[in-house]
Structures are given as structure tokens and as C-alpha cells.
Amino acid sequence: MTEERALNFIEEIVENDLQTGKNNGRVHTRFPPEPNGYLHIGHAKSICLNFGLAQRYNGKTNLRFDDTNPVTEDTEYVESIKEDVRWLGFEWANELYASDYFDVLYAFALNLVKQGLAYVDDSTPEEIAAQKGTPTEPGTPNQYRSRSIEENVQLFEEMKAGKYPDGAKVLRAKVDLASPNMHLRDPLMYRIRHAHHHRTGDKWCIYPMYDFAHGQSDAIEEITHSICTLEFIPHRPLYEWFIDKLEIFPSRQYEFARLNLTYTVMSKRKLLQLVNEGHVEDWDDPRMPTISGLRRRGYTPASIREFCERIGVAKRENLIDVGLLEFCIREDLNKTAWRRMVVLDPIKLIITNYPEGQTETLHGENNPEVEGGEGGRDIPFSNELYIEREDFMEVPPKKFFRLGVGLMVRLKHAYIVKCESFVKDADGNVTEVHCTYIPESKSGNDTSGINVKGTIHWVSVPGAKTAEVRLYDRLFKSENPAAEEGDFKDDLNPNSLQIINAFVEPDLAEALPGKGYQFIRKGYFTLDKLSTDEKLVFNRTVTLKDGWVKK
RNA sequence: UGUCCGAUAGUAUAAAGGUAGUACGACGGUUUUUGGUACCGUUUGUCUUGGUUCGAAUCCAGGUCGGACAACCA
């Protein structure tokens with residue numbers, strides 16, 4: 001059951017269509033990526049919108065690859081896109097390709113040529129651009145615009161037959177060279193490209209442009225609501241012009257504002273640059289805003305869907321605080337992640353009154369958020385432990401609820417200890433903290449009557465395992481790197497990745513791939529794909545919210 | 001000096017002429033064997049100038065600001 005929420009403007013349109021009986025009450029959307037890159041969180045917004053609409057109104061959603069440009073596209077991307085959509089939790093009604101429609105599209109084009117609404121133009125790209133005029137000046141027709149229908153039919157057939165080299169000719173719609181909308185100034189429909197297509201092979205040497213493929217594909221599939229981003233608004237009159245002249249199914253286009261996130265970039269071009277120039281490991285680098293990156297980082301599908309739900313859908317430009325995404329993953333993982341103890345930056349804690357060589361096995365629940373704790377695990381304990389360096393201070397300030405000489409804390413799942421002294425090395429760094437423990441304060445049956453403010457995590461030196469832990473920070477230094485002057489890469493955060501070695505409790509050797517773990521007091525982590533039995537590697541998904549501010 | 005889209009707390013997003021609300025954030029508190037979680041509280045907003053109206057975030061007009069559009073990309 002979804003929570004009560006105000007409708008967004010697209011849902012209002014759909015409900016209105018449903019009420020007026022449009023499309024016989026049918027709702028059919030599509031998610032139409034071009035297979036030339038990996039999906040990112042911005043696509044997730046579109047996926048949640050399109051699939052969510054169909055779910056809500058009992059409709060269907062097609063997955064359609066907009067593969068009309070053979071030189072940039074590849075099956076590698078097709079596969080990753082399918083994987084990502086499925087991972088997000090959606091199932092498409094049909095897997096379709098614009099390239100499946102090349103024959104129909106060609107027939108549509110011939111139809112327009114025969115109506116005198118399209119013509120073959122021999123001009124160079126530069127000439128065409130010049131003849132289009134400017135936003136304030138109308139375009140000017142050239143001699144090709146008045147070619148006869150017969151000549152156009154023959155030329156277009158010859159284009160298809162491969163008689164001309166790349167760039168020699170294009171097919172253009174004859175709309176209005178004086179339109180204030182630049183997209184109506186005789187837009188290109190087909191260009192010549194003697195290139196191998198990942199699906200149609202070498203069958204074609206002419207390929208339709210976006211404007212003569214997308215809307216037509218929508219019509220062929222009888223898409224009722226074709227949802228795209230704001231930059232396509234000027235294309236809509238052309239979208240409708242083709243539907244009108246071709247007398248095909250009247251799909252309608254609606255536009256919403258794309259997602260922007262603070263401290264990252266969202267354009268495929270920029271993400272590709274980060275990969276190609278080695279600023280990140282790959283498309284699935286955990287710092288990337290790609291779906292595969294977020295997955296590797298430890299984000300769950302539910303958290304991303306929740307995020308998309310919370311950001312809403314509107315037409316105004318936006319820049320969402322990445323803190324909201326972090327809130328969503330914390331909210332999810334808090335309920336599902338198993339708690340474990342890991343020391344990231346160790347110093348030793350010696351319990352002077354606990355017999356050297358003695359060990360005992362303590363118990364810790366897996367998840368305190370769930371009734372019964374979801375079971376638990378054994379934790380070895382001894383007189384020699386690792387604790388976090390930041391949990392001890394030589395000169396503790398007021399309200400420092402951790403260790404300092406004379407202060408007491410509880411060791412999570414274990415005993416209360418009192419700090420008696422500490423040891424420094426030659427450089428003045430603290431290396432050991434010496435404590436005494438209170439035997440009757442054992443977790444679970446504490447009869448000591450002592451209350452302490454702080455509880456800290458620890459790992460027993462005997463039994464401790466090591467792991468590589470990768471700590472991530474924002475990829476860019478400024479909130480909106482795309483808006484910065486100059487090269488956006490100058491804004492890259494040089495400290496976005498920190499790799500450390502940590503001591504982890506032994507149970508973590510059994511960590512499951514894909515599962516979220518909370519390293520108590522430190523954050524949420526998950527096994528990286530590079531992790532092996534010999535060498536554990538964890539990614540930090542997100543830190544815990546930290547209410548402690550040093551004065 | 002064109003056409004189109006937009007403007008509500010710090011960030012997002014509601015209110016369809018009738019109480020400006022919600023979430024995240026921030027701040028404060030309660031609980032707590034995670035300075036987490038949970039719970040409670042506080043905080044800040046309708047771009048501007050006019051008009052219509054008993055009443056305007058909402059309708060109208062002008063202005064301001066932001067964005068998109070002149071790829072053989074999508």
C-alpha cells in the first residue's frame with residue numbers, strides 16, 4: 001500500500017485522461033534509453049516515473065532502445081541497461097528497438113515524400129545550418145527544396161540503395177523555414193551512414209534522426225503518454241506535425257525536469273570523460289552516480305525508488321541535495337543491515353585486570369531494529385583489544401563520553417572499563433590505553449549498578465581479521481560542478497577515495513556479497529566486487545549521521 | 001534583439017479563488033549498551049509592480065531573474 005501523496009502533474013494528466021475516456025482507459029508508457037552509455041540516477045527518476053505510472057494505473061511500460069545512431073551504440077550498453085532496470089525492480093511489457101522499425105520508418109518517410117512534405121537536400125551541413133537562419137531571422141530556401149516529388153522519390157530510394165557516400169545527401173521534412181521554432185525549419189529526417197549497426201548489421205546505410213524515429217516508435221507501439229525531459233519541449237510541435245501528416249496513432253508527449261544532484265555531474269558525456277580519462281575506475285566506480293556505481297557502493301533498489309518518490313516530479317529546474325539520497329539509504333539499511341564491529345583507525349586497549357591469555361565468547365545480535373535481533377553472532381573477547389583512535393583523548397573536553405584517564409565507557413556487548421593510563425610512542429602518538437574492567441558489568445547481566453554515558457566498539461586482538469576498507473567522499477568539491485567556469489574536471493575532489501586497512505571481528509569473514517552491514521558507530525558498508533576470501537574489501541556506502549560536534 | 005518553459009522556507013515538493021502544508025536539512029529536547037534509531041519541539045517561504053475579486057501562491061497585464069532552442073546527437 002503506497003502512502004497517501006499528492007499527485008504530480010503527470011499523474012493529474014493521466015487521471016484526467018482516464019476520466020474523459022481517452023485511449024479507452026489505457027495507459028501505456030515507455031522507457032527509451034539510447035544504448036550508448038550506462039544508466040544513472042537521473043534515468044532512475046525516469047524509470048520510476050514511467051513504470052510507476054503504469055503500475056499505478058494498471059498499464060504497461062515498454063523498454064525501448066532508441067538505437068538510431070549506429071556509430072555510438074553497442075550491445076554492451078543494452079545488456080547493462082536491462083540489468084539496471086531489472087535491478088531497480090521493474091519488469092517491462094516488451095523489449096523493443098527503434099531499429100526494429102526501420103522498414104516502417106522508411107515507408108513513413110516515402111509517404112511524406114510522395115505527399116510533397118519531404119525532400120532530398122544535397123547541401124553540406126554548414127550550408128544547411130546557414131540556411132536555417134537564426135532565432136531572430138527566418139531561414140532561406142535553397143534550390144533542392146523545390147525538387148519534384150518524382151525526383152525526391154528516386155533520390156531517396158537511391159540513398160537507401162547506397163548510391164551516395166556519407167554526408168552527400170539528407171532527407172528533410174518540408175515544414176516552415178520561417179518558424180520561430182528552429183526545430184520546424186525543415187528538420188532532417190534521414191542521414192547517410194555507411195556504418196555497421198549492432199542489430200541490423202549492414203542492412204541499412206541511411207538512418208533516421210531522433211525526431212523521425214522517436215515519435216513514430218511511440219505511435220507504432222501506441223504509447224499513450226510519452227514522457228521526456230524539458231529540453232524536448234521545442235520538439236513537441238514537430239512530434240505532432242509528423243503524427244498529423246502521417247495519420248498515425250496520436251501519442252502525446254509530456255515533459256518534466258531532469259534530476260540534478262549536488263556534488264556530481266549527470267551528463268553521459270561528462271561521465272564518459274571521467275571513465276575514459278581515468279578519474280574513476282569505471283562506470284561502476286562507487287563514486288559514480290550511475291546505477292551500477294550506486295549498486296556497487298551498497299545502495300539498495302528500494303532506497304533509490306524511495307528517493308525518486310521523495311524528489312517529486314515537476315517542470316522547474318532543480319538541484320537535489322545529495323543528503324536526501326543518503327537519508328534514503330540510511331533509512332533502508334538501518335532496518336536491514338546486520339551490525340558488526342570494525343576498528344578503522346586502531347590503538348590498543350589493554351585490560352590490566354583481565355587475565356592475559358584468557359578469552360571468552362560474547363554474543364551480539366544481528367539487528368536491534370528487528371524483534372529478536374535476527375539472530376546473532378559470537379564475538380571473541382580478551383585482555384587486548386583494538387579501539388578507535390578517536391575514542392580516546394589525552395585531554396578530554398567536557399561532554400566527551402568516551403575514554404580519557406579516569407573516564408569510564410562500556411565496551412559494546414562486553415564490560416564497562418575505566419581508563420587508568422596510556423602509552424605514547426617516540427612521536428607522541430598514543431599507542432595504548434590501559435584500563436581496568438568491572439567483572440559484574442557484563443552485558444546482559446550487569447549487576448554493577450554503574451551507568452556510563454558512552455559505549456564504544458572494539459575488536460579483540462586475538463581473532464581479529466583484517467580488511468581493506470574504501471571510504472568515499474563526494475566526487476566534486478562544489479555543489480554544482482557543471483555550472484563552474486572552465487573544465488568541470490578542475491573541480492574534482494582529490495580526496496574522494498581513501499583506502500585503509502581495518503581490523504574486523506571474525507564473523508565478517510563470512511560477509512555476504514550484496515548485503516549491507518552497519519559497522520557500529522561508523523557507517524554502512526558492503527562487500528566490494530573485488531573482495532576475495534584471502535582479502536576482504538568493503539565499500540563504505542554512507543556514514544552514520546553524526547550528532548557529535550566537537551566544540 | 002525571436003520563440004518556448006519556469007519562479008512557494010536552505011533544498012525539494014503540495015495547496016485546482018477561501019487556514020501557506022509535508023519531507024530532507026539545521027537547531028533544541030526525551031529515550032537509548034551505536035553521540036545511530038525512535039519520539040517530541042523550534043526555525044525559515046509565495047520573484048516584483050499593478051489589476052480583477054468580499055478574498056489571489058493560484059486569474060489578468062507589465063517587469064525581473066533562471067533555463068531551453070539555430071548537432072547529418074538523443
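Proteins get letters first, then strands, A, B, ... in listed order; numbering begins at 1 in each. Fair warning: this is a prediction, and the values are worked out from it, not measured in the lab.
Among the protein residues, A/Thr229 comes within range of no part of the nucleic acid, since none of its heavy atoms lies under 4.0 Å from any strand. Heavy atoms of A/Glu137 sit nowhere under 4.0 angstrom from any nucleic acid atom. Residue A/Phe519 is classed as having no contact, given no heavy-atom separation below 4.0 Å to the nucleic acid. A/Ser179 comes within 4.0 angstrom of nothing in the nucleic acid, heavy atoms only. Using a 4.0 Å heavy-atom cutoff across all strands shown, A/Glu369 reaches at least one base atom of the nucleic acid. Residue contacts for A/Arg521: at a heavy-atom cut-off of 4.0 Å it reaches a base atom on one of the strands shown. Residue contacts for A/Leu324: at a heavy-atom cut-off of 4.0 Å it reaches the sugar-phosphate backbone alone, with no base atom in range. Using a 4.0 Å heavy-atom criterion, one finds that A/Val452 contacts no nucleic acid atom at all. Among the atoms of the strands shown, none is found under 4.0 Å from any heavy atom of A/Ile416. Across all strands shown, A/Arg236 has no heavy atoms under 4.0 Å from either base or sugar-phosphate atoms.
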Test side-chain contact (heavy atoms from CB on, under 4.5 Å) applied to A/Thr68 and A/Phe102, step by step: CA-CA 9 Å; A/Thr68 58; A/Phe102 282 171; 4.3 Å; yes
Between A/Val459 and A/Val504, is the side-chain contact (heavy atoms from CB on, under 4.5 Å) condition met? List the steps. CA-CA 6 Å; A/Val459 172; A/Val504 311; 5.7 Å; no
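Looking only at distances, no side-chain donor or acceptor of A/Tyr190 sits under 3.5 Å from a matching main-chain atom of A/Phe156.
A salt bridge between A/Arg64 and A/Glu221 is present, with a side-chain N of the basic residue lying under 4.0 Å from a carboxylate O of the acidic one. Look at A/Arg377 and A/Glu505 and you find a salt bridge, because one of the NZ, NE, NH1 or NH2 atoms lies within 4.0 Å of a carboxylate O, short of that distance.
A/Tyr517 does not carry A/Arg340 over the face of its six-membered ring by the limits of under 6.0 Å from the centre and within 45° of the normal.
Scored by the salt bridge (charged side-chain N to carboxylate O under 4.0 Å, His left out) test, A/Glu309 finds A/Arg5 as partners (sequence neighbours excluded).
Boundaries of the chain A contact region on RNA chain B are B/U1 to B/A74, first to last in 5' to 3' order (nucleotide atom under 4.0 Å from a heavy atom).
Separating the C1' atom of B/U3 from that of B/U8 is a span of 27 Å, rounded to the nearest Å. Of the P atoms belonging to B/G51 and B/U13, the separation is 32 Å, rounded to the nearest Å. Rounded to whole Å, the separation between the P atoms of B/A14 and B/G28 comes to 32 Å. Taking atom P in both B/C73 and B/U11, one finds a spacing of 38 Å when rounded to whole Å. B/G29 and B/U43 have their C1' atoms separated by 15 Å, with the value rounded to a whole Å. Across the P atoms, B/G25 and B/U64 are found 39 Å apart, a figure rounded to whole Å.
Residues in residues 437-450 of chain A take part in these salt bridge (Lys or Arg N to Asp or Glu O under 4.0 Å) pairs, two or more places apart or across chains: A/Glu360-A/Lys442, A/Arg410-A/Asp446. Applying the side-chain hydrogen bond (donor to acceptor under 3.5 Å, both in side chains) definition to pairs two or more places apart or across chains, those involving residues 310-321 of chain A are A/Glu306-A/Arg310.
In RNA chain B, runs of at least 3 stacked Watson-Crick or G-U pairs (N1-N3 plus N6-O4 or O6-N4, or N1-O2 plus O6-N3, all under 3.5 Å) give these stems: B:2-7 with B:64-69, B:10-13 with B:21-24, B:26-30 with B:38-42, B:47-51 with B:59-63.
When each of A/Asn334 and A/Arg330 is assigned the nucleotide of RNA chain B bearing its nearest heavy atom, the one mapping closer to the 5' terminus is A/Arg330.
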Do any side-chain atoms of residues 181-189 of chain A form donor-acceptor pairs under 3.5 angstrom with protein atoms, and if so which ones, sequence neighbours left out?
residue: A/Asn181; atom: OD1; partner: A/His183; partner atom: N; Å: 2.9
residue: A/Asn181; atom: ND2; partner: A/Pro234; partner atom: O; Å: 2.9
residue: A/Arg185; atom: NE; partner: A/Lys132; partner atom: O; Å: 2.9
residue: A/Arg185; atom: NE; partner: A/Leu177; partner atom: O; Å: 3.4
residue: A/Arg185; atom: NH1; partner: A/Ser179; partner atom: O; Å: 2.4
residue: A/Arg185; atom: NH2; partner: A/Lys132; partner atom: O; Å: 3.0
residue: A/Arg185; atom: NH2; partner: A/Thr134; partner atom: O; Å: 2.6
residue: A/Arg185; atom: NH2; partner: A/Glu137; partner atom: O; Å: 2.6
residue: A/Asp186; atom: OD1; partner: A/Arg145; partner atom: NH2; Å: 3.1
residue: A/Asp186; atom: OD1; partner: A/Val175; partner atom: N; Å: 2.8
residue: A/Asp186; atom: OD2; partner: A/Tyr119; partner atom: OH; Å: 2.6
residue: A/Asp186; atom: OD2; partner: A/Arg145; partner atom: NE; Å: 2.6
residue: A/Asp186; atom: OD2; partner: A/Arg145; partner atom: NH2; Å: 3.3

